[in-house]
Amino acid sequence: MPDEPIEGIPVSNTATPDTTGRAPDTAAIDVRDPATGRVVGRVTDHSAAAVAEAVRRLRARQPEWEAIGVRERAKWLRAFQDWLLDNGPRLTEVVRSETGKTRFDAAIEVPAAVDLAKYWADRAEGFLADERPRPHSPIGLAKRLVSTVRPYPVVGIVTPWNLPLLNPCFDAFAALLAGAAVLVKPSEVTPLSAVELARGWAEIGAPPVFTVLTGGGDTGRAVVDTVDFVQFTGSTRTGRAIAAACAQRLIPYSLELGGKDPAIVLADADIDRAAAGIAYGALFNAGQVCISVERVYVEAAVYDRFVERLVGEVRALRQGRDGRAFTHDIGAMATAAQCDIVTRHVADAVAKGARILCGGKAFGGGRYFEPTVLADVDHTMLCLTEETFGPLIPVVAVADEDEAVRLANDSVYGLSATVWTGDRRRGERVARRLEVGAVNIDDAFANLMSFALPMGGWKDSGIGARWGGAAGIRKYCRQQAITVPRGPALPREPLWYPASRLRSRLVTTLMRAVDARGRRRLPIPARRNRQAATTDTTRTHP
Ligand code: NAD
C-alpha cells in the first residue's frame, strides 16, 4: 500500500501565462496529483481562436529569430539550460505533483533536458551548415552547388503526460535551434511542467518564439490545423488522426507513438543482470514509458531461473508516494483510465489461463497498480498484443532464439527492444533481425539517452525520428538548392530557345559521352537521327 499522502511541497502558481495577447479563454482544466487526487494547479483550456492568434504572433517573430543565426540561438538555449539547472528542484516538484512519480523517477527529467540542451547547443551550427556538393557530372562543373536549409516557420509540438517536462524539450530544443518558432501543446493531464518551461523562456529574456498553450484534444487539433510542421508524441490512435489532418493540409509531420517492446533473454545471459534490468525497464515510471519492456521471451533452458529472479526483484520494490526522501521505487498511475487498462489486461490474461506470479491488482482507489509478473501467457492475450503502458511483465518461454525473434516481431508495433546475452556479437546479430527502431543489448533505455542515435519507431510506432545527429535538427527545415554560375556567363545557354538541331545534338551527344557505357558512348550517326524525325509539326507562334 502507498504511504499516507504527505502534504506536497507547494508548487508554483500554475495559471497559464497568456502569451496570445487576446481576451483570455475562460474554460479551465484542473490538474491533479494522481497520487493524492488533490488539485495542484489549474490551466486554461485554450480555444482554436487562441491557438490561431498565438501562431500568428509566432509567425511574425520567427523571421527575426531565424535571422540572428544559429550561434546566437544556441546562446539562448545555453541560458535556458542554466535556468533549468537553477530551477531544477522546483521543476522536479512540479513534475512530481502532476504525475504522482517517485522522487527517483521525477529527478531525471531536468538533468536529461540539460544534457539534451547541451547536445544541440554544441552541435547545431555544424549540423545546419550549408553543404557544397560536387556536381554529379563533369557537365555540371559550370555551376557551383549549394544545399542549404531554412526552418519551417512555426513548429507545433503536441506531447503526452508521461515525461511532462522532458517531452516538450525532446523536440522543442532542436526546432528552436533550427530557427523555427515553437508552439507546445502539452497533455491536459500534466500541463504544469510545460507551463514552467514557457515561464523560464520568458524569464531569461529570450525572444518570444516559444509559446505553450494548454488545453485538451481540441486545442491539439487547432495546433495541427495552423502550424507548418507537427511533431507529435502520443498514442497511435491520435497519431493516425494527426497524420490524416496533416495530409489534408500538405504539411510534414513526425510521429513518436506507442510501443509493445519485447525483451529477449537468451540462455547465455547473465540472468541476475537480465532480471534486474528488465524489472527496471518494465517498471520505471510505473511502466508508463513508450519504450518500457512490455513482454519477455526467455529461452526455455533458463526460463525457471529467470522468472524466479524477476519475481524476486519485483517483490522487493517499494511502491507509494515519496515524502522528502527517496523511499519508493514505483509511484502512481497517471490516470484512473491508465490503471483500468492494466486491470483489463490482467483480467483478460487470467481468464485465458495466465498465472499471476506477483502483484495483479489496483489499490489506493485506483491510483496505483501493483507491479505484476504474469506466466503462462500467449499471443491470444491482450497483455502481449496491445500496449499496456503500466507495470505489467508477461513472460513467455520460447524454444530458441528463432522463436524469440519470431514472436518479438509478431506485433503491430516496432518501437524498441532489448536483447540479453553473454555474447555481444550474438546480441548484435539478433538486434539486426528485429523489426524495431532501436535495440539495447544487455540494457534498457540506453538509446533514450544516446542523442547521437535516432529515436523513432517502425510500423505503428511512428514515422520519422528525433535526435540522431544532423537529421534530428534538419527535419525542422526545408531544403533549398542553389546553383551559382562559375566563370563567365554565355549570352545564352545551349538549351535555351530557339530550338536548334545542332545545339540539341551537341548537348545530347555530350551527355551520352559522359553517361553511357562502352560503345554506347559514341554519337548516333546523323543519318539515323534524321530518319527518326519523320513528321514535321512545326508551328511558329506570332
Ligand atoms: P494521447 O494520444 O491520448 O494524447 C497525446 C496528446 O495529443 C495530448 O496532448 C492530447 O491532448 C493530444 N491530442 C488528443 N487528440 C488530438 C488530436 N486529434 N489532434 C491533436 N492533438 C490531440 O496520448 P497520451 O495518453 O497522452 O500518451 C500516452 C501515449 O503516448 C502512449 O501510447 C505512449 O506509448 C505514447 N508515447 C510515445 C512516445 C515515443 O517517443 N514514441 C513517448 C511517450 C509516450
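Each ligand, and each atom within it, is numbered from 1 in the order the structure gives.
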### Query
Mind checking whether Ser461 has an N or O less than 3.5 Å away from an N or O of ligand 1?
no
## Note on the structure
re atom 17 (C) of ligand 1, the protein heavy-atom contact at minimum distance is Thr238 CG2, 3.8 Å
### Task
Give a yes or no on whether a salt bridge exists between Asp115 and Lys118, defined as a side-chain N under 4.0 angstrom from a carboxylate O.
no
### Query
Under 3.5 Å, is there a donor-acceptor pair between the side chain of Trp120 and the main chain of Leu176?
no
### Task
Could you check atom 27 (O) of ligand 1 against the protein and tell me its nearest heavy-atom contact, residue, atom and distance included?
Pro160 CB, 3.1 Å
### Query
Does any N/O atom on Val224 come nearer than 3.5 Å to any N/O atom on ligand 1?
no
#### Entry: Contact with ligand 1 for Arg466, non-hydrogen, under 4.0 angstrom
yes
### Within 45° cone of Phe127 ring axis and under 6.0 Å: Arg474 NZ or CZ
no
### Query
Met455: heavy atom below 4.0 Å from ligand 1, yes or no?
yes
### Query
Under 4.0 angstrom from ligand 1, any heavy atom of Gly457?
no
### Message
Whether Arg295 and Asp261 form a salt bridge (side-chain N of Lys/Arg under 4.0 Å from carboxylate O of Asp/Glu) is what I want to check.
### Response
no
### Task
Quick one: look up the protein heavy atom nearest atom 9 (O) of ligand 1 and list residue, atom name and how far away it is.
Thr159 O, 2.8 Å
### Query
Is any side-chain N of the basic residue among Arg199 and Glu203 closer than 4.0 Å to the acidic one's carboxylate O?
no
### Task
Show your reasoning for whether side-chain contact (heavy atoms from CB on, under 4.5 Å) applies to Phe104 and Asp329.
CA-CA 7 Å; Phe104 189 63; Asp329 305 295; 5.9 Å; no
### Task
Distance to 0.1 Å, residue and atom name: give those for the protein heavy atom nearest to atom 36 (N) of ligand 1.
Cys290 CB, 3.7 Å
### Message
When you measure from the heavy atoms of Gly462 to every atom of ligand 1, does any distance fall below 4.0 Å?
### Response
no
### Task
Report yes or no: does Gln319 contribute a side-chain atom to a donor-acceptor pair with the main-chain N or O of Ala332 at less than 3.5 Å?
no
### Query
Looking at residues at least two apart in the chain, or sitting in another chain, which of them share a salt bridge (charged side-chain N to carboxylate O under 4.0 Å, His left out) with Asp348?
Lys352
### Query
Strictly under 4.0 Å, does any heavy atom of Phe170 approach an atom of ligand 1?
no
### Message
Glu387 versus ligand 1: do any nitrogen or oxygen atoms come within less than 3.5 Å of each other?
### Response
yes
### Task
Please state whether Pro186 comes within less than 4.0 angstrom of ligand 1, counting heavy atoms only.
yes
## Note on the structure
When distances are taken from atom 20 (C) of ligand 1, the protein heavy atom at minimum range is Gly220 C, 3.2 Å
### Query
Nearest to atom 26 (O) of ligand 1, what protein heavy atom do you find, and at what distance?
Trp161 CD1, 3.1 Å
### Task
Do me a favour and list the nearest non-hydrogen protein atom to atom 12 (C) of ligand 1 with residue, atom name and distance?
Val158 CG1, 3.6 Å
### Message
Between Glu53 and Arg56, does any NZ, NE, NH1 or NH2 come within less than 4.0 Å of an OD or OE carboxylate oxygen?
### Response
yes
### Task
Identify the protein heavy atom lying closest to atom 28 (C) of ligand 1, giving its residue, its atom name and the separation to 0.1 Å.
Phe389 CE2, 3.9 Å
### Query
Looking only at distance, does Thr236 have an N or O less than 3.5 Å from an N or O of ligand 1?
no
